[in-house]
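All residue numbers refer to positions in the sequence shown, counting from 1.
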Amino acid sequence: MHIFSIIFPLIFIVALGYGCCKLKFFNEQHIAGLSKFTFYVSLPAFLVLNMSQINLQQSISLFAFMSFYIPVLCVFGLGILIDRFYLNKPCLNNKAINYQQHSVFGLAGSYSNMVLVGIPIVIASLGKEMIAIAFMIITFHSTLLFALTFLIGAKGSAENFSWYNFSKSMVLNPIVLSIGCGLIINVSGLSLYDNLVSSIDLLAKPAIPCALFVLGANLVFYKIASNWQPALISSLLKIIILPAGVFVAATYVFELDEQIRNVLVLLSASPVGVNAYLIACQLKQHQATLAGTVVLSTISCMLSFSFWLAILL
């Protein structure tokens, strides 16, 4: 019942978003407007406010970073191998290796929707004070995995990959930018004007429910293709193999504090983020697989979260 009380409000809001969009109460333009408010106004306000107030000494941990990202990189590599030697068996004799395709599948099994799903789960189950360590993980998540995907797709050639354009897109990303601004405020010791803090707090309050609502609504626009096996494999990598790897690394290799370990496992058990689908569309590889993975992993992650919460709490 305790786990159900944690999961149910999140499921309810996601299902409400899906239902409202499926029943045409909200159309695609409505969701686009709500998404823009959520990702460019409310979530940045939430991240800036919380990042500026967290205890940095408690949030920075090399072992926590390694406990999360070593399994992430291992699963990324495993996804590449699965796509190369299992999903593309007929192409093994073909000397022309499709690096872009393999790297996108690796991304599908390792990229977590931590902002929309991970943070709400951490707050609901462990408390708001535990999101400090989550911010450290989120800051490097997109940068590392997207850069790796593009670099492998370009076969490591600087000529086929623009560091300037990539760095610019990452720096201007509202999530990274807001965490960076909050970090600057925190490190500099600046005290924000009380009325300004109250205003930002008002903008931040709807961030989590809006993010979950938008997530549910967007599921209407993603379909599971008839060739669903690749989406199922990447979903299993994402919500089963990856959190299991993080749990083993955090518990038995680096022996982290239980609370920090719990945060890392829950973040890694988050479903595949929609941004991975956008990368697939940009590279024109595995678009159907990523669309299906977003749907499958989002639906099944609630079972995964229930399983891990039963183990961790």
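- S178 contributes a side-chain N or O that, together with a main-chain N or O of I175, makes up a donor-acceptor pair within less than 3.5 Å.
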Could you pull out all donor-acceptor pairs under 3.5 Å where a side-chain atom in residues 276-283 meets a protein atom, sequence neighbours excluded?
none

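- Distance check: Q285 CD to D83 CG gives 9.0 Å after rounding to the nearest 0.5 Å.
- Expressed to the nearest 0.5 Å, how far CZ of F46 lies from CG of D201 amounts to 10.0 Å.
- In terms of modelled atom types and a separation under 3.5 Å, the side chain of N186 and the main chain of G182 share no donor-acceptor contact.
- Panel note: side chain T298, backbone P271; no donor-acceptor pair is recorded below 3.5 Å.
- Side-chain contact between I311 and V265 is absent, with no heavy atoms from C-beta onward closer than 4.5 Å.
- Clustering ILVMFWY residues whenever any of their side-chain heavy atoms sit less than 4.5 angstrom apart, transitively, puts I260 in the very cluster that holds M51.
- Counted within 6.0 Å of CD on E258, heavy atoms from surrounding residues, nucleotides or ligands total 12 or fewer; the atom is thus considered open.
- With hydrophobic clusters built from ILVMFWY side chains whose heavy atoms lie under 4.5 angstrom apart, L49 does not share a cluster with I119.
- The 12-atom threshold is not exceeded at CZ of F63, counting heavy atoms of other residues, nucleotides or ligands nearer than 6.0 Å.
- Side-chain atoms of T143 never come within 3.5 Å of backbone atoms of F140 as a donor-acceptor pair (strictly under, hydrogens ignored).
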Let me have the donor-acceptor pairs involving side chains of residues 8-17, under 3.5 Å, with sequence neighbours excluded, atom names and distances please.
none

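- V253 is not listed as a side-chain neighbour of I70, based on a closest heavy-atom distance of 4.5 Å or more.
- In summary, of the residues considered (F135, Y111, F65), a ring-ring contact (aromatic ring centres under 6.0 Å, His included) with H141 occurs for Y111 alone.
- Using a 4.5 Å cut-off between side-chain heavy atoms of Ile, Leu, Val, Met, Phe, Trp and Tyr, with links allowed through other members, I123 and V263 fall into the same hydrophobic cluster.
- In this structure, D257 has no salt bridge (Lys or Arg N to Asp or Glu O under 4.0 Å) partners at least two apart in sequence or on a different chain.
- Pairs of residues two or more places apart, or lying in two chains, never qualify as salt bridge (charged side-chain N to carboxylate O under 4.0 Å, His left out) while including a residue from residues 61-74.
- To the nearest 0.5 Å, atoms CG (L309) and OG (S125) are separated by 5.0 Å.
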Would you list the atom pairs, donor with acceptor, under 3.5 Å between side chains in residues 192-199 and any protein atom, with sequence neighbours excluded?
| residue | atom | partner | partner atom | Å |
| --- | --- | --- | --- | --- |
| Y193 | OH | N195 | ND2 | 2.9 |
| S198 | OG | D194 | O | 3.1 |
| S199 | OG | N195 | O | 2.9 |

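- Both I7 and W308 are members of a single hydrophobic cluster when ILVMFWY side chains are connected at heavy-atom separations under 4.5 Å.
- Counting only residues at least two apart or in different chains, side-chain hydrogen bond (donor to acceptor under 3.5 Å, both in side chains) contacts with residues 18-40 comprise N27-H30.
- Expressed to the nearest 0.5 Å, how far CE of M66 lies from CG of L73 amounts to 11.0 Å.
- Hydrophobic clustering (ILVMFWY, side-chain heavy atoms < 4.5 Å, transitive): F254 and L266 are in one cluster.
- Sequence neighbours left out, not one pair with a member in residues 141-150 passes salt bridge (charged side-chain N to carboxylate O under 4.0 Å, His left out).
- With sequence neighbours excluded, no residue forms a ring pair (Phe, Tyr, Trp, His ring centres under 6.0 Å) with F307.
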Side-chain polar contacts of residues 206-224 - donor-acceptor pairs under 3.5 angstrom, sequence neighbours left out - could you list them?
| residue | atom | partner | partner atom | Å |
| --- | --- | --- | --- | --- |
| N218 | ND2 | V214 | O | 3.2 |
| K223 | NZ | V220 | O | 3.1 |

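- Applying the side-chain hydrogen bond (donor to acceptor under 3.5 Å, both in side chains) criterion to T139, with sequence neighbours excluded, gives no partner residue.
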Please report, to 0.1 Å, the donor-acceptor pairs under 3.5 Å made by any side chain of residues 230-243, with sequence neighbours excluded.
| residue | atom | partner | partner atom | Å |
| --- | --- | --- | --- | --- |
| S234 | OG | P230 | O | 3.1 |
| S234 | OG | A231 | O | 3.0 |
| S234 | OG | T293 | OG1 | 2.6 |
| S235 | OG | A231 | O | 2.8 |
| K238 | NZ | S112 | OG | 2.9 |
| K238 | NZ | S268 | O | 2.4 |
| K238 | NZ | S270 | O | 2.7 |

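- The ring pair (Phe, Tyr, Trp, His ring centres under 6.0 Å) pairs that include a residue from residues 284-304 are F105-H286, where partners are two or more places apart or lie in different chains.
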